[in-house]
Amino acid sequence: MMEFSAEMIASFLDGEIDGNKEVKVSSLAKIEEATPGSLAFLSNPKYEHYIYTTGASIVIVNRSFVPTHPVQTTLIKVDDAYSCFAKILDLYVANKPRKKGISPLASVHKDAIIGKDVYVGEYAVIEAGAVLEDGVQIYPYVYIGDRVRVSDHAIIYPGACIYEDCVIGHRVIIHSGAVIGADGFGFAPVNGEFKKIPQIGNTVLEDDVEIGANTCIDRATMGSTIIRKGVKLDNLIQIGHNVVIDENTVAAAQCGIAGSTKVGRNCMFAGQVGIAGHLTIAPYTQVASQSGIGSSVRKEREVLLGTPAFNAIDSRRASVAFKSLPEMRQKLFALEKEVERLKQMLEEEK
């Protein structure tokens, strides 16, 4: 990272300086691990105690922050410390040198189209008819299939594989080991065996999508599997054929979405969420970890939990009741015995 003064950072973030405006930083760090010359941030109140002992030269904080003990570091107060630190990270990444040039150890088909300032690393394979637009970065051991289009400034990290006819949008990031456009899981039972149904569609990743390591997005049987603009998928996720995920939805590791399901915009899926096939998930749906969605979600902004998932508040109440089931069972048995005893007493009095 280049060296920046508190005054420069505050100007960039439209922040206010509390402390030495001349102090400079040249690295970024977590507040609990920071050393002199580094920049950190504080947004979560549970980490506040670190600001009184941190070695950071500058800490970005919310404007509402009021220290309860003396602070030795310079503070830059902003509207949102978390998002402002993200801007600094963006600046850091933008200033990193970009790789350029095509390695002589790469295999680039003569019919591939290569734009300006493209990087293709060692042992990458670019097949016939593929298009790499300006500023694309293809790291070593990547496979780009026939007629794949990779739009400008996309980054594809080592070992990722993109099958034929897929489309990768502008500024897409695909991490190592991801597979885009493998065959959908399509088989038909015939005479006791499963016959493969050819998967002749493709996969489309729209602009500003990010795909985590070892995530797989299957191609469509016909048409396209579509991951729309701004979607972020974590590592180890499986997206089935003909799925459509609308804009700005995010999903954490080990989620699975079965074929032909349509997911609305701005949804949030925590880790290990499973969604059955041929469903519709309404926009702004939030699903808690390890939940299973077996039917369509029609109402927007639902917060769901459990398997099968239902309203999170009701699910938590049900969980409390579930924990009490052994005790409730014993009480039920005791009540049954008491009822039988009272019935016998009534019979004897007749």
Side-chain angles (χ1 to χ4, degrees), residues 30 43-47 82 160 173-180 182-187 203 205 209-220 225-228 230-329:
K30 296 193 291 185
S43 64
N44 191 330
K46 76 176 185 178
Y47 294 106
Y82 188 85
I173 299 173
I174 300 174
H175 288 279
S176 295
V179 179
I180 310 300
D183 281 359
F185 194 67
F187 299 90
T203 297
L205 309 184
V209 165
E210 183 160 352
I211 306 299
N214 294 319
T215 283
C216 297
I217 305 175
D218 292 346
R219 72 195 307 107
T225 301
I226 304 175
I227 311 299
R228 297 211 181 275
V231 169
K232 315 297 183 188
L233 302 182
D234 198 2
N235 306 329
L236 296 166
I237 287 176
Q238 165 63 31
I239 306 298
H241 57 188
N242 291 94
V243 166
V244 177
I245 302 179
D246 211 343
E247 295 182 3
N248 300 314
T249 284
V250 296
Q254 298 183 6
C255 286
I257 303 178
S260 297
T261 284
K262 305 295 185 282
V263 177
R265 61 182 297 135
N266 293 93
C267 292
M268 298 177 65
F269 304 135
Q272 296 185 330
V273 166
I275 302 177
H278 300 273
L279 304 183
T280 299
I281 309 299
Y284 299 94
T285 298
Q286 297 183 35
V287 186
S289 297
Q290 296 188 321
S291 297
I293 307 295
S295 58
S296 291
V297 179
R298 304 294 184 185
K299 182 180 177 182
E300 292 189 12
R301 301 182 188 277
E302 286 269 44
V303 180
L304 306 175
L305 171 64
T307 301
F310 57 103
N311 178 273
I313 294 174
D314 292 338
S315 180
R316 291 189 181 97
R317 289 173 177 164
S319 178
V320 172
F322 181 79
K323 292 177 182 177
S324 302
L325 282 179
E327 181 182 350
M328 293 168 64
R329 184 170 178 267

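As the structure is a computational prediction, the values presented were derived from the model and not from experiment.
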Please assess Asp183 against Arg219 for the test side-chain contact (heavy atoms from CB on, under 4.5 Å), listing each intermediate value before the final yes or no.
CA-CA 6 Å; Asp183 281 359; Arg219 72 195 307 107; 3.5 Å; yes
Under the salt bridge (charged side-chain N to carboxylate O under 4.0 Å, His left out) criterion, do Glu247 and Arg265 qualify, and how do the steps go?
CA-CA 5 Å; Glu247 295 182 3; Arg265 61 182 297 135; 3.7 Å; yes
Stepwise, does the side-chain contact (heavy atoms from CB on, under 4.5 Å) test hold for Gln238 with Asp218?
CA-CA 8 Å; Gln238 165 63 31; Asp218 292 346; 3.0 Å; yes
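Using a 4.5 Å cut-off on side-chain heavy atoms (C-beta onward), Val244 and Arg228 make contact. At least one side-chain heavy atom of Arg298 sits less than 4.5 Å from a side-chain heavy atom of Thr280. Under the 4.5 Å side-chain criterion, counting only non-hydrogen atoms from C-beta, Val287 is not in contact with Ile275. Between Gln272 and Ser289, every side-chain heavy-atom pair lies at or beyond the 4.5 Å cut-off. Here the side chains of Phe269 and Ile293 are not in contact, with every heavy-atom distance at 4.5 Å or above. The closest side-chain heavy-atom distance from Asn266 to Pro283 is not below 4.5 Å.
Ala309 and Leu304 get closest at one heavy-atom pair: CB-CB, 3.9 Å. Looking at every heavy atom in both residues, Leu305 comes nearest to Ser291 through CA-OG, 3.4 Å. Of all the heavy atoms in Val273 and Ala270, the pair that sits closest is CG2-O, 3.1 Å. Closest of all the heavy-atom pairs between His175 and Ala213 is CB-N, 3.5 Å. Minimum heavy-atom separation, Tyr284 to Glu300: CD1-OE1, 4.1 Å. The two atoms that bring Leu279 and Gly294 nearest to each other are CD1-C, 3.8 Å, heavy atoms only.
Under a cut-off of 6.0 angstrom, the local environment of OH in Tyr82 is sparse, with at most 12 non-hydrogen atoms contributed by other residues, nucleotides or ligands. In Arg329, the CZ atom is not crowded: 12 or fewer heavy atoms of neighbouring residues, nucleotides or ligands sit closer than 6.0 Å.
Side-chain atoms of Thr215 do not come within 3.5 Å of backbone N or O of Ala178 as any donor-acceptor pair. Remark: side-chain polar atoms of Thr261 are paired, donor with acceptor, to backbone N or O of His278 under 3.5 angstrom. In this structure, Asp234 contributes its side chain and Ala252 its backbone to no donor-acceptor pair below 3.5 Å. Listed for the Lys262 side chain is a donor-acceptor partner under 3.5 Å among the backbone atoms of Ser260.
Pairs of residues two or more places apart, or lying in two chains, never qualify as salt bridge (charged side-chain N to carboxylate O under 4.0 Å, His left out) while including a residue from residues 279-290.
Distance check, rounded to the nearest 0.5 Å: OG of Ser176 to CG of Asn235 gives 9.5 Å. For the atom pair Asn214 CG and Ile237 CD1, the distance stands at 11.5 Å (nearest 0.5 Å). In this structure, OG1 in Thr285 is found 11.5 Å from CE in Met268, a value given to the nearest 0.5 Å. Taken to the nearest 0.5 Å, the CG atom of Leu233 stands 8.5 Å off from the CG atom of Leu205.
The only option from Ile257, Ile245, Ile180 that meets the side chain to side chain contact (heavy atoms under 4.5 Å, CB included) definition with Ile217 turns out to be Ile180.
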